[in-house]
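Report on one structure; see the data block that follows.
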Amino acid sequence: MTEGSSGGLAAATDAEIEAALEHAHVPSLINALVHLTGDLSLIRGDIRPVSQLFGDPQGGVSPEDQAAMRALALQALKAHRDAGCPDLAAPATEVMQEMLHFIIGAELSPDYVEFLTSELKLVNEDPYRVDGFEGIPEAARKDFHVVVVGAGMSGLVNAIRLKQAGISWTIFDKNAGVGGTWFENRYPGCRVDSPNHTYSYSFAPNDWPQHFSQQSVLLDYFDRIASEYELRDNICLDTEVISARYGDDGLWRVAVRGPEGERTVTANAIVTAVGQLNRPKLPDIPGRDDFEGIAFHTGQWEAEHDLKGKRIAVIGTGASAFQTVPEIAPGAESVTIFQRTPPWVAPRAEYHDYIPDGKHWLLNHVPFYGKWFRFWMFWTTSEGLLASVRRDPAWNQTDRSISPANDQLRELLTANVQAMVGDDPELLAKCVPDYPPAGKRMLVDNGHWFRALKRDNVELVTDPIARIVPGGIETESGRRVEADVILYGTGFYASRILFPMKIYGEGGVELREHWGADPRAYLGMVAPGFPNLFFCYGPNTNIVVNGSIIFFSECEVRYIMGCLKLLLTEGKAAMNCRTDVHDAYNEKIDEGNLAMAWGSPNVKSWYKNEHGRVTQNWPGTMLEFWQQSQAPNPDDFVLSGELRAGA
């Protein structure tokens, strides 16, 4: 396969190309130049980029070398244009591997090379699609029915893969539209905190307007995906799954409630794609229901209220409050933020920036440049930071940091806070966390939050709340804060995975009653006693510092499709995860999480259940998750029964 340039380069003037190159990410540009010129000396010389999440976005390439590469690229692109923009073949495997090592700035193991080559997708292959379904009779695939719960990011990719495989499917979603979290969360300032060039399906890249796009843009993307892949006819909106019950015949009966009332759907398999953070949690504060003003959770934003000129109390400093406060503060009479624990903030200078026209042009029209740029973003936001949040047993400063690398990260992040609010010692003390970086969710910003905190009409309060009264909030010190509006940025019922659905497996055992406050699954996707039930974004599949959740979802769906293929190929009704396999896996998960910053015993967060066990997070590398989700091992399951039609 080849990649050529569209009419954009063919019609571009010398001046337009030169202007666009001023916006180039030079390490990606150098690899693109190898494609254009075949000159391997470009990646064998003195220029050696350094992959880093924070710091120089050009990977340490000097200004002089940047200018030289841009000049060389101008000549190469002009020559390519003048030659009629011929197709360019992907390089030989060994050359591509050398290019990988160059842009990352390190030699990698063969396993990593295989993984990253797959993710790079230079020749537009689809590494997450499971092939071989065409060898299964079409009638068998159509008679096999899958219910998918949720039409968000994971639900839609499930539907796409099921459709490609020719398997019958239906999505049920309680909302009035697709998009999941991007449909539900509409608070001011809501945006993604993973770089958008990695927060998109591997098979459906997008020309994003910003580096970290806003909620409406993300919703448009998923809405467009539903239309372009012709999924809507099989999506039932405004329809909530109430319960699901597994029968002796190997089929699931799924009770749903929609506009026409309740009904029951029969399915061979169920995939839950509901996310972990979709049921807002209100704090148990005395007097909460006595407040006489406007009050609502940021996850259930009530846009009909005009907040201008209001006295606003914000409870919590998590992601939604963090993004909302800077947007509402300029128009408010006052904003009082009640903070229990400050977040660590990862500095990204481009967080609110629009992508310049020149960068758009490069991404869309320079052969292979867009692929290398996405790969650079994928790598720098994946494994690069993981070593900094892993515990060093010899390190004794366990309250504030867990390793020398974690302590260095702490110093870097603290310096960023000092640069923003260091002229206000009282505010600075409130903004520097006393727990290790990545112990809780790390937020991303370019100073927007800290600038809001320094406004004259904004106050950050760390005095604990004692009670809510009709006219506002009282703190434990006896202070009373008058408020017209209370915004609850207080998170979600994260450990109540699949709440409030009732799912009854073998013997009528209800899943969440079986789990209690301790949800567990094998690979985060299957649980013993619940045949043909698969989870996306299930227990211990949340990410903290490495990667995009879309990457994890695509890996999960690949695995699930492999399970369905196994069932259809073998003609079996059910596959049930072995208990010993499940238990051994979770022992490794627990051991891994105890070695990470978020497993620190002195840190309380929504990552942990009431007993202190980390129920949410994946403690390994992206490579490890990619490897374990390649395909199901039949030995991990008990296959039984004769396959029946479930539609």
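Computed from a predicted structure; not experimentally measured. Sequence positions, counted from 1, serve as the residue numbers for this chain.
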Can you name the closest pair of heavy atoms from [X] and [Y] and give their distance?
{"X": "Phe338", "Y": "Ala313", "value": "CE1-CB, 4.0 Å"}
{"X": "Leu282", "Y": "Thr490", "value": "CA-OG1, 4.0 Å"}
{"X": "Leu413", "Y": "Pro347", "value": "CD2-CD, 3.7 Å"}
{"X": "Pro436", "Y": "Val603", "value": "CD-CG2, 3.9 Å"}
{"X": "Phe102", "Y": "Pro27", "value": "CE2-O, 4.1 Å"}
{"X": "Lys454", "Y": "Leu427", "value": "CG-CD2, 3.9 Å"}

**Message:** Do the side chains of Glu184 and Arg186 get close enough for a salt bridge, i.e. N-O under 4.0 angstrom?
**Reply:**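 Here Glu184 does not pair with Arg186 in a salt bridge, since their nearest N and O are not under 4.0 Å apart.
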**Short N-O contact, Glu18 and Arg70, less than 4.0 angstrom** = no
Heavy-atom side-chain contact between [X] and [Y] under 4.5 Å:
{"X": "Tyr488", "Y": "Lys281", "answer": "no"}
{"X": "Pro404", "Y": "Trp395", "answer": "yes"}
{"X": "Leu100", "Y": "Trp379", "answer": "no"}
{"X": "Asp193", "Y": "Arg441", "answer": "yes"}
{"X": "Ile315", "Y": "Arg340", "answer": "no"}
{"X": "Val481", "Y": "Arg311", "answer": "no"}
{"X": "Thr336", "Y": "Ile312", "answer": "no"}
{"X": "Leu218", "Y": "Tyr199", "answer": "yes"}

Can you sort out the partners of [X] under ring-ring contact (aromatic ring centres under 6.0 Å, His included), two or more places apart, ordered by chain and number?
{"X": "Phe322", "value": "Trp449"}
{"X": "Phe375", "value": "Trp372"}
{"X": "Phe296", "value": "Trp301, His305"}
{"X": "Trp598", "value": "none"}

**Prompt:** Which residues satisfy the side chain to side chain donor-acceptor pair (under 3.5 Å) test with His297, sequence neighbours excluded?
**Reply:** none
**Message:** The criterion is side chain to side chain donor-acceptor pair (under 3.5 Å); which residues satisfy it with Glu333, sequence neighbours excluded?
**Reply:**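 Not a single residue meets the side chain to side chain donor-acceptor pair (under 3.5 Å) criterion with Glu333.
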Restricting to side chain to side chain contact (heavy atoms under 4.5 Å, CB included), what partner residues turn up for [X], sequence neighbours left out?
{"X": "Glu350", "result": "His211, Phe212, Arg348, Asp353"}
{"X": "Thr462", "result": "Gln339, Lys430"}
{"X": "Val458", "result": "Ala329, Val335, Ile337, Leu453, Arg455"}
{"X": "Pro464", "result": "Glu476"}

Kindly compute the distance separating [atom1] ([X]) from [atom2] ([Y]), expressed to the nearest 0.5 Å.
{"X": "Ser200", "Y": "Asp207", "atom1": "OG", "atom2": "CG", "answer": "11.0 Å"}
{"X": "Leu29", "Y": "Phe368", "atom1": "CG", "atom2": "CZ", "answer": "14.5 Å"}
{"X": "Ser213", "Y": "His197", "atom1": "OG", "atom2": "NE2", "answer": "8.0 Å"}
{"X": "Ile43", "Y": "Met99", "atom1": "CD1", "atom2": "CE", "answer": "6.0 Å"}
{"X": "Ile465", "Y": "Arg479", "atom1": "CD1", "atom2": "CZ", "answer": "11.5 Å"}
{"X": "Ile30", "Y": "Leu42", "atom1": "CD1", "atom2": "CG", "answer": "7.0 Å"}

**Prompt:** Run the side-chain contact (heavy atoms from CB on, under 4.5 Å) check on Leu307 and Val485 step by step: do they pass?
**Reply:** CA-CA 8 Å; Leu307 302 185; Val485 179; 4.0 Å; yes
**Asked** Should the ring pair Tyr221 and Tyr201 be called parallel, tilted or perpendicular, given that the plane angle runs from 0 to 90° and is split at 30 and 60?
**Response** tilted
**Request:** Give me the ring orientation class for His25 and Trp376: parallel if the planes are under 30° apart, tilted from 30 to 60°, perpendicular past 60°.
**Result:**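 Judged by the thresholds at 30° and 60°, the geometry between His25 and Trp376 is tilted.
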**Item:** With Asp407 via salt bridge (Lys or Arg N to Asp or Glu O under 4.0 Å) - residues at least two apart
**Value:** none
**Request:** Would you confirm whether Asn457, through its side chain, and Ala332, through its main-chain N or O, come within 3.5 Å as a donor-acceptor pair?
**Result:**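 Yes; at least one donor-acceptor contact below 3.5 Å.
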**Asked** Between the side chain of Ser600 and the main-chain N/O of Asn602, is any donor-acceptor distance below 3.5 Å?
**Response**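 No; judged by distance alone, with no hydrogens or angles, the pair does not exist.
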Just checking [X] against [Y], ring centres under 6.0 Å apart?
{"X": "Trp606", "Y": "Phe492", "value": "no"}
{"X": "Tyr537", "Y": "Phe552", "value": "no"}
{"X": "Trp626", "Y": "Phe551", "value": "no"}

**Prompt:** More than 12 non-hydrogen atoms from neighbouring residues, nucleotides or ligands closer than 6.0 Å to CG on Asp423, yes or no?
**Reply:**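 Counting neighbours around CG of Asp423, more than 12 heavy atoms of other residues, nucleotides or ligands fall under 6.0 Å, so yes.
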**Item:** More than 12 heavy atoms of other groups within 6.0 Å of Phe499 CZ
**Value:** yes
**Trace of the side-chain contact (heavy atoms from CB on, under 4.5 Å) decision for Val345 with Val444** = CA-CA 6 Å; Val345 179; Val444 180; over 6 Å; no
**Request:** Quick one: which residue pairs count as a side chain to side chain donor-acceptor pair (under 3.5 Å) with a foot in residues 323-332, not counting sequence neighbours?
**Result:** Tyr187-Gln323, Gln323-Tyr351, Glu327-His448
**Prompt:** When you look at Asp445 and His352, which way does the side-chain contact (heavy atoms from CB on, under 4.5 Å) test go after all the steps?
**Reply:** CA-CA 8 Å; Asp445 198 25; His352 288 87; 3.4 Å; yes
